[in-house]
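Step one of this worksheet: look at the structure below.
Letters A, B, ... mirror the listed sequences (proteins, then strands); counts begin at 1.
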Amino acid sequence: MQIILNGIIIGGIYALIALGFNLIYSSVRFYHMLYGILAVLGVYFLRFFQMTFHWPFALMVFLASFLIGLIGMASWQWFYRPLAITKKASSLVMLVLSFGALIVVQNLIALVWKNNTYSISITETIKSGYQFFGLSITFNQLVILITTFISVILLELFLGRTKWGMAIRAIGDNPELTTTIGLKTNQIILIVFFIGSFMSSISASLIALEIGVRPTYGLMLVMKAIIASIIGGIGSIRGAMFGGLLLGITENMGIYFFGAQWQEVTAFTLLTIFLLFRPQGLFQKYQLAK
Amino acid sequence: MDYILHLAITMSIWGILTLSLNYVAGFTGIISLSHATFYGIGAYSTAILTVKYGFSFLLSVAIGMFLAAVIAYIVSIPLLKLQEDAFILVSFGFAIIGYHVLLNWQSITNGALGIKGIKAPVIFGFSFSGKPLFLCLVLVALICTYFILHRIVKSPYGTIMKNIRENSIVASVNGHDVTAYKRSVYTVGALFAALAGSLMATFLMFIEPKSFELMISVFILIALILGGMGNLKGSILGAVFIILIPEILRFVGFPNTIIGEMQQITYGLILVLLMILRPQGLLGEYKI
């Protein structure tokens, strides 16, 4: 049971990452690889704030994520858009472009902040864990669980109940048609990039609470988001959530049965199994395989 | 002189690697980020078989190539179901698996410590020790690879490969089994990558999993895109550039502590600029 609980906690973070990734993917239809490293950058901002100012933790997370959201918007407006919209580049070109940018940003972070693992903590002292029904959970894990839960509910409400949310879903379903009914596509995509990057930074901060971050985790994070998305069915919000949870639980089972060094292998084995038997994912939206 | 020979050997081995990826990605359009794994399989096969079991060099190379081909064929079954951009990412995932297997299967691969003391290749009693002789061997391998791939690409089979690259639906309408073709191409590409790996292992005399990590796959792809996809000469040019760049950075005077990061930043920038300005690379015939 403890393994499953840990799996749910990690899976919740993966779900959050995958949600933001999926949101961006469904509105621009290419793999935004920069996403992972922006999330990691958020943690470095947070750490910088923590060392410079002594504000409440939640405020600093919000501020760092807000900055990352702005950077995400800028990356669409000045980096992707000239190619994707003006030059009509294929999604393959966009993927390679974004991958190149990921390498550049990752190494810039490594140059500025060195290649070490950093973890952050909410309070100076380590708080004791809690016990429920024979399961133990640390204070950090409780924070992670609650934050994930609130974020998912807020996003679901935003997408389901507000005008902007509906516009975002409309773009995900059919970009051309959305333009014809008079919605400003670019504005909506900018908002999507903001929300996606914002969420990625929050989830990376949660990961930093649990295991710490280093520059190379950017690639790992975005790969996890992609695995979770493909398992869940790429483009589908509910799919990203279940995919993330399933990935987290499977990984933790893998760690328990085979040892921590096989964690990545377990994740990709799960992906391969899905590709073989259910390539469209749990909740199909777009066709990935022929 | 020693330094130039060292560079020339590394460039030739990377030339073989880039050529093999060009065969897969440039001519058939299967842009794969799993090449470092097959490169690693070749290197480890040679290292393990010659050091631990005393096999001869040629036999170990043959076994390494065979092993890489078998693994590539098996892996291609789930992988090639995907469309091209999803394929890139999932093949990258396969490279992650490969790296972790090399790192963690300690009884066979000796884990992170690597394998030491790989002897210089001996072929029919003639030992290729010393850099000038080794360069000759590598150049022969490079020229053989070039001509074999050149023949395949110019053959009717190669025409179908390009057909699949340009429009796989048309290829399948013409009655070609697209998946079977793609699998065979992917397998042959892995074969030559393993050859490059075997040569690299005997050249460095020491291998560790780090030499076959994920970023190597990315660097091979950068060399390929820089040189130009779908052009065999371009691949060799790309390999020359990708080896020269860190050396140039060193000459410019960056300290050794940040040279690794600077090198990767340069590679990343090259990739970004190529995508924006010239997606077909220097000599390319195919725009991704």
Stepwise, does the side chain to side chain contact (heavy atoms under 4.5 Å, CB included) test hold for A/Leu111 with B/Ile265? CA-CA 10 Å; A/Leu111 273 184; B/Ile265 289 176; 3.8 Å; yes
Applying side chain to side chain contact (heavy atoms under 4.5 Å, CB included) to B/Leu89 and A/Met33, what does each step give before you reach the verdict? CA-CA 10 Å; B/Leu89 298 167; A/Met33 300 294 284; 3.7 Å; yes
Taking it one step at a time, do B/Leu271 and A/Val104 satisfy side chain to side chain contact (heavy atoms under 4.5 Å, CB included)? CA-CA 10 Å; B/Leu271 208 52; A/Val104 173; over 6 Å; no
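When the candidates A/Phe277, A/Phe30, A/Phe268, A/Trp262 are compared by the number of heavy-atom contacts under 4.5 Å with chain B, A/Phe268 comes out ahead. If you tally non-hydrogen atom pairs under 4.5 Å between each of B/Leu273, B/Ile97, B/Ile270 and chain A, the highest count goes to B/Ile97.
Interface remark: A/Ser90 contributes side-chain atoms only to the contact with chain B (heavy atom separation under 4.5 Å). If you measure heavy-atom distances from B/Val218 to chain A, the contacts under 4.5 Å come from the side chain alone. For chain A, the nearby parts of B/Leu269 are the backbone and the side chain; heavy atoms of each come within less than 4.5 Å. Neither the backbone nor the side chain of B/Leu221 comes within contact range of chain A, judged by heavy atoms closer than 4.5 Å. For A/Ile273, no part lies near chain B; criterion is any non-hydrogen pair under 4.5 Å.
With a 6.0 Å radius and a threshold of 12 heavy atoms from other residues, nucleotides or ligands, B/Ile169 has its CD1 atom at or below the threshold. Around atom NZ of B/Lys162, more than 12 heavy atoms belonging to other residues, nucleotides or ligands sit under 6.0 Å away. A 6.0 Å sphere centred on CE of A/Met253 holds no more than 12 heavy atoms belonging to other residues, nucleotides or ligands. In the displayed structure, A/Phe242 atom CZ is contacted under 6.0 Å by at most 12 heavy atoms of other residues, nucleotides or ligands.
Within the model, atoms CE of A/Met220 and CD1 of B/Ile96 stand 9.5 Å from one another, a figure rounded to the nearest 0.5 Å. We find the CG-CD1 distance between A/Leu92 and B/Ile88 to be 4.5 Å, quoted to the nearest 0.5 Å. Going from atom CG of B/Leu214 over to atom CD of A/Glu264 covers 9.0 Å, rounded to the nearest 0.5 Å. A/Ile109 CD1 to B/Glu261 CD: the interatomic distance, rounded to the nearest 0.5 Å, is 11.5 Å. The line from CE of A/Met94 to CE of B/Met275 is 11.0 Å long, rounded to the nearest 0.5 Å. Note that the CD1 atom of A/Ile103 and the CD atom of B/Gln264 stand 6.5 Å from one another [nearest 0.5 Å].
With ring centers used as reference points, A/Phe99 lies under 6.0 Å from B/Phe92.
Residues of residues 72-83 of chain A having a heavy atom under 4.5 Å from any heavy atom of chain B, listed by number: A/Phe79, A/Leu83.
Using a 4.5 Å cut-off on side-chain heavy atoms (C-beta onward), A/Ile230 and B/Val90 make contact.
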Could you go through residues 106-113 of chain B and list every donor-acceptor pair under 3.5 Å that involves a side-chain atom there, pairing it with any protein atom two or more places apart or in another chain?
residue  : atom : partner  : partner atom : Å
B/Thr109 : OG1  : B/Leu102 : O            : 2.6
B/Thr109 : OG1  : B/Trp105 : O            : 3.0
B/Thr109 : OG1  : B/Gly111 : N            : 3.4
B/Asn110 : ND2  : B/Gly114 : O            : 3.0

